[in-house]
Amino acid sequence: MRVSVATHARPDRPWLDRLGIATSTLCAVHCAATALFAGLLSTLGASRLGDPQVETVFLAASLGVGAVSLGPSYPRHRSPRPALWLAAGFVLLLVVRPATEMPVAEVLAGVAGALCIVRAHWLNARLVTTCRRTAPVVAG
């Protein structure tokens with residue numbers, strides 16, 4: 001087994017971070033709009049936007065895109081910060097938001113959680129494009 005030093009090549013997938021930012025931003029807007037316009041959505045027949053299944057889709061998409069995007073880029077930049085922001089976002093969305101008794105706190109936790117995930121993707125994209133770090137690659 002030989003070890004050489006080479007730049008970790010992250011497959012050129014900046015679109016994943018952009019998709020993560022878009023998905024999480026849409027999640028934040030959904031969370032705020034559902035709370036602010038619940039009556040209007042009901043009147044328009046769009047009350048299904050507030051269903052738990054819609055939230056589950058947003059959470060699953062955010063988690064999936066986050067794992068696929070942040071995971072492979074870590075060996076390149078070796079910064080835990082994007083993963084910490086992602087984890088903070090999911091703690092807010094999965095633990096804090098459901099545990100709140102007040103609707104305003106639930107909305108704030110949801111929006112803050114989604115914005116933490118946006119920050120994770122933004123930071124990840126920035127680190128990947130600016131990082132010049134090299135790491136050992138084990139060649140078979």
Side-chain angles (χ1 to χ4, degrees):
M1 175 167 65
R2 82 175 210 256
V3 176
S4 64
V5 176
T7 302
H8 263 281
R10 175 184 183 225
D12 191 17
R13 300 182 300 182
W15 62 271
L16 279 173
D17 283 317
R18 287 193 297 267
L19 178 63
I21 289 169
T23 303
S24 300
T25 300
L26 187 58
C27 181
V29 169
H30 168 264
C31 193
T34 302
L36 292 172
F37 304 115
L40 180 61
L41 290 173
S42 179
T43 303
L44 296 174
S47 61
R48 300 232 348 121
L49 290 174
D51 283 352
Q53 293 91 357
V54 174
E55 292 181 9
T56 302
V57 168
F58 278 124
L59 289 170
S62 294
L63 181 60
V65 172
V68 170
S69 177
L70 274 62
S73 59
Y74 174 77
R76 180 162 180 176
H77 58 67
R78 297 204 184 241
S79 174
R81 291 180 298 157
L84 292 173
W85 278 103
L86 186 71
F90 281 105
V91 165
L92 284 166
L93 290 170
L94 297 173
V95 177
V96 175
R97 192 179 62 86
T100 61
E101 299 282 330
M102 298 170 37
V104 172
E106 182 180 349
V107 171
L108 292 176
V111 171
L115 292 178
C116 284
I117 297 170
V118 168
R119 172 71 174 156
H121 284 289
W122 177 84
L123 184 59
N124 189 60
R126 191 173 135 249
L127 287 169
V128 166
T129 57
T130 60
C131 183
R132 301 273 187 235
R133 176 173 288 172
T134 59
V137 176
V138 177

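What you see below is based on every heavy atom in this structure, not just the backbone, and it leaves out hydrogens, waters and symmetry mates. Here the structure is a predicted model, which is why all the values come from computation and not from measurement.
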C116 and L92 have their tightest heavy-atom pair at SG-CD1, 4.0 Å
Qualifying residues under side-chain contact (heavy atoms from CB on, under 4.5 Å), relative to A87, sequence neighbours excluded
none
Can you name the nearest heavy-atom pair linking T23 to S62, along with the distance?
CG2-OG, 3.8 Å
Under 4.5 Å between side-chain heavy atoms, hopping through other hydrophobics if needed: is there a path connecting V57 to L26?
no
In the single-linkage hydrophobic clustering (I, L, V, M, F, W, Y; side-chain heavy atoms under 4.5 Å), do L93 and L63 co-cluster?
yes
Can you sort out the partners of R97 under salt bridge (Lys or Arg N to Asp or Glu O under 4.0 Å), two or more places apart, ordered by chain and number?
E55, E106
Quick one: CZ on R78 to CG on L127, what's the gap to the nearest 0.5 Å?
13.5 Å
Taking side-chain hydrogen bond (donor to acceptor under 3.5 Å, both in side chains) as the cut-off, I'd like each qualifying pair that reaches into residues 107-120, sequence neighbours left out, listed once.
none
Cluster link Y74 to L16, ILVMFWY, side chain under 4.5 Å
no
Tell me whether S73 contacts the main-chain N or O of L70 through its side chain, where contact means a donor paired with an acceptor under 3.5 Å.
yes
Partner residues of C27 under the side-chain contact (heavy atoms from CB on, under 4.5 Å) criterion, sequence neighbours left out:
F58, A114
What residues, two or more places apart in sequence or in another chain, satisfy side-chain hydrogen bond (donor to acceptor under 3.5 Å, both in side chains) together with R81?
S79
Nearest-0.5 Å distance, CG of residue L123 to NE2 of residue H77
7.5 Å
Contacts of type side-chain contact (heavy atoms from CB on, under 4.5 Å), residue L84, not counting sequence neighbours
P80
Side-chain (S69) to main-chain (G66) donor-acceptor, under 3.5 angstrom
no
Looking only at heavy atoms, which two atoms of V54 and H30 are closest? And how far apart?
CG1-NE2, 3.6 Å
If I compare all heavy atoms of G71 with all of P75, which pair ends up nearest, and what's the gap?
O-CD, 3.5 Å
Taking all heavy atoms of V107 and all of A32, pick out the closest pair and write down the distance.
CG1-CA, 4.2 Å
How would you list, by chain and number, every residue that makes a side-chain contact (heavy atoms from CB on, under 4.5 Å) with I21, sequence neighbours excluded?
T25, V118, H121, W122
State which residue, out of L19, I117, L86, fulfils the side-chain contact (heavy atoms from CB on, under 4.5 Å) condition with S24.
I117
